[in-house]
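Single-structure report; data block below.
Chain letters run A, B, ... following the sequence lines, proteins first, then strands; residues in each count from 1.
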Number of protein chains: 2
Amino acid sequence: MKTSTLMMVAERAGVSTATVARVLKGKGYVSEDARSRVETALRETRYRPNAMARGLRQQRSFTVGHMLTAITANPFFVNVAHWAEEEALVHGYKTFLFNHNGMAERERLGVEHFIERRVDAVLFTNAVDPANVRLLQAAAIPVVQLERVALAEAPAIVVDNRVGALQAMRHLIELGHHRIAFMGGDPSLIAPYGKHVPSVEQERLGAYRDALAAAGLEQPEGAVRLGRYYNIEDGGSGIEGYRHMKDLLALASRPTAIFATCDILAAGALQAIYEAGLRVPDDISLIGFDDTIGMNLTPALTTVAQPMQELGRAGFRAALAAIEERTLDAAPPLASRLVLRRSTAPAR
Amino acid sequence: MKTSTLMMVAERAGVSTATVARVLKGKGYVSEDARSRVETALRETRYRPNAMARGLRQQRSFTVGHMLTAITANPFFVNVAHWAEEEALVHGYKTFLFNHNGMAERERLGVEHFIERRVDAVLFTNAVDPANVRLLQAAAIPVVQLERVALAEAPAIVVDNRVGALQAMRHLIELGHHRIAFMGGDPSLIAPYGKHVPSVEQERLGAYRDALAAAGLEQPEGAVRLGRYYNIEDGGSGIEGYRHMKDLLALASRPTAIFATCDILAAGALQAIYEAGLRVPDDISLIGFDDTIGMNLTPALTTVAQPMQELGRAGFRAALAAIEERTLDAAPPLASRLVLRRSTAPAR
DNA sequence: TTGTAAGCGTTATCAG
DNA sequence: CTGATAACGCTTACAA
């Protein structure tokens, strides 16, 4: 049985479509008699409004597109997407996900899909190419960037990576660690666009250096390892962290603590340490970033949590504001924060 | 600048909408002259077809809904969804995700969303309530169940859990393990619907028992731990596996190998083992299931991989066949297979 | 080779 | 209080 139309409901109830529409929206005058007839007709036909017809008529789809970077490689994106969707649902919207896997052409394809579907706004949890963001703006579709900004001119909800990173470093320092290594994203590699804003990578690395300096500690030679967080193609394997850690372990004077600015990096580091027959946190302390797979690692990882829920929710709300043409005052960055688990201990 | 319409393009090119439509679809006769004028008009106006209008007219949305169980708790779902989407894209479709988190009412809500959006078909990567599947059937929307079947009357693409599980067990037995424990889903708990079909849990547990029997081995007392795989609410924490493992470690004669039928369970087990000061695989061998987070655990987990890519792809293809009213011969179950990594070693 | 026009299922305006 | 009716943007007979 195909889904029925407003017209069919109207006929069955012996009224016009306008009357059915009135009871559906609960506004406008309808006699008790008509109302009840319509209501039973609605039930009997199992009427479900046709979102395409409605969208066409109202010139909005009640859908927002959400462009993601690496849904299979890093759970971070799934989480942000999940919470954005949750918030969207509350407001009667649905989200449409699209994964670009770090490829600009792919992102372009997604953007065109979004335009064709006439989404009411688009969330980018990481745009790769600012040109794609502009494409949307040219089509008069509001855009909100989450976590990272690719196009400085477009609104964004970002995270204060510095607070959490500083907490992490202070924690390590308080535990008495003097030789602390860093592994993370290479600022020059990861943020080719939007150099104007301090990038996520700059914030994290900066916090590491500043905390060290504030404590009068040296940055151990060869202890800052920069690169990518993971390869999207291999499904987020941690191999990068594994390699960094191998090198770190081979250092003349081995670090006693590591600050890895991604849980996936930390996962690889953990494997290298284990292979070397060392124990975390007994021999080496380790802190991650994001709070994604950290809780499932061995030992459970102390990590800097990103506010994924707030990112998603605030992201959608910002999009909604834009859709409704309300101006939203630029929100301050959301805080990151240290989550203590079992991968850190006093230096020996 | 709002997106332009076919009408606007037609006017600009000095032709009718029908002609524009003809060049757009590349079929029907159009003079070279008209064609080139249309093409430039198309470019100049940055025309993008309106999917809602098209859908309304054609009575199909080129969208399929994909109902997921626990996108944030278990990467399995993300992967299946990803590949289904990938296949969909190839055929000009998009997928619409919806996460029910194990709650029937939530799933119901999602189904109604799908109906309103007039998706052309729905994939269930795990339906909770067969009634919701029926709702779609009543609306004449084709349905395909992936991995698990909640409604025996609806088509499904399933996995042969037995092959992989047997491989895993044989591997352990060949390594000389005699006391092998099992932790996994409770058949009575997890498949309240569709008892007619052998459930995933029955297959896995059955393979464990059969392999033991075939090798003339005993099922060690207290060594079969049944329950849930994880709690969706805590984001897939592995705590269940942790608890199982604690108990297993307290057994009078401790198992030398564990077959955990979910990587998340295995993650928790790994933590308990580590805490006890034991090493994997030196002291205890461990095999997981799914091949999701296994590669990121320490040590990298030997696990039975589910064919997530094929599940997603074949799932979409089955849906497409149903949409196009082609009858598809019931496909045989997809195979699971053992992936060797570093968590198994000879018994000592 | 091209144009006209009738829908698809809603919403919204405007008379009655 | 209620009912016609005109869009929304596209596809597709059918005419010309």
Side-chain angles (χ1 to χ4, degrees), chain A residues 1-39 41-42 45-63 92 115-120 139-141, chain B residues 1-39 41-42 45-63 92 115-120 139-141:
Chain A
M1 183 200 65
K2 279 260 158 224
T3 330
S4 50
T5 70
L6 243 200
M7 185 66 185
M8 292 160 69
V9 175
E11 263 172 23
R12 184 178 198 108
V15 295
S16 73
T17 60
T19 300
V20 180
R22 277 186 280 261
V23 347
L24 240 24
K25 324 212 82 71
K27 59 192 277 192
Y29 299 95
V30 180
S31 67
E32 255 327 303
D33 179 46
R35 156 164 283 116
S36 78
R37 264 170 23 240
V38 167
E39 272 164 358
L42 245 19
T45 58
R46 286 122 142 285
Y47 173 76
R48 291 271 125 216
N50 180 324
M52 292 187 293
R54 177 191 308 221
L56 181 58
R57 176 61 228 241
Q58 301 200 138
Q59 297 291 76
R60 47 200 294 214
S61 60
F62 293 94
T63 300
I115 297 179
E116 296 198 359
R117 301 271 161 173
R118 297 297 190 270
V119 298
D120 299 329
I141 297 175
Chain B
M1 181 201 63
K2 277 262 160 220
T3 330
S4 50
T5 70
L6 244 202
M7 184 67 186
M8 291 159 70
V9 175
E11 263 171 23
R12 186 180 195 108
V15 296
S16 72
T17 60
T19 299
V20 180
R22 277 187 279 262
V23 346
L24 239 25
K25 323 211 83 70
K27 59 191 278 191
Y29 299 95
V30 180
S31 67
E32 256 327 305
D33 179 48
R35 155 163 286 116
S36 78
R37 264 171 22 242
V38 168
E39 271 163 358
L42 245 19
T45 57
R46 284 123 142 284
Y47 173 75
R48 289 274 126 215
N50 180 324
M52 291 186 294
R54 179 196 307 233
L56 182 58
R57 175 60 226 243
Q58 303 201 134
Q59 297 290 77
R60 47 200 296 211
S61 58
F62 292 92
T63 300
I115 297 179
E116 296 198 359
R117 301 272 162 173
R118 297 298 189 270
V119 298
D120 299 330
I141 297 175

Original post:
Where do B/V23 and B/L42 land on the side chain to side chain contact (heavy atoms under 4.5 Å, CB included) test, with the steps shown first?
Top reply: CA-CA 10 Å; B/V23 346; B/L42 245 19; 4.1 Å; yes

Subject >> Derivation and outcome, side chain to side chain contact (heavy atoms under 4.5 Å, CB included), residues A/V20 and A/V15 >> reply: CA-CA 7 Å; A/V20 180; A/V15 295; 3.8 Å; yes

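Counting to the nearest Å, the P atom of D/dC10 and the CZ atom of B/R118 are 21 Å from each other. Distance, A/F62 CZ to C/dT10 C1': 12 Å, rounded to whole Å. Atom CD1 in B/I115 sits roughly 16 Å away from atom P in C/dG9 (whole-Å rounding). Between B/M7 atom CE and D/dC8 atom P there is a gap of 10 Å when expressed in whole angstrom units. Rounding to whole angstrom units, CD of residue B/E116 and C1' of C/dG9 are separated by 13 Å. Rounded to an integer number of Å, the gap from A/M8 CE to C/dG9 P is 9 Å. The interatomic distance linking A/R117 (CZ) with D/dC10 (P) rounds to 14 Å, in whole Å.
Distance alone, capped at 3.5 Å, is enough to place a donor-acceptor pair between the A/D120 side chain and the A/F62 backbone. In terms of modelled atom types and a separation under 3.5 Å, the side chain of B/T45 and the main chain of B/A41 share a donor-acceptor contact.
With D/dC10, C/dT10, D/dT12 as the choices, the nucleotide that has an atom nearest any side-chain atom of B/L6 turns out to be D/dC10.
The line from CZ of A/R117 to OG of A/S61 is 10.5 Å long, rounded to the nearest 0.5 Å. For the atom pair A/T17 OG1 and A/L24 CG, the distance stands at 11.0 Å (nearest 0.5 Å).
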**OP:** Encode nucleotides 1-8 of chain C as B, S and - characters from 5' to 3', where the letter depends on protein heavy atoms closer than 4.0 Å: B to the base, S only to sugar-phosphate, - to neither.
**Re:** BBBBBBBB

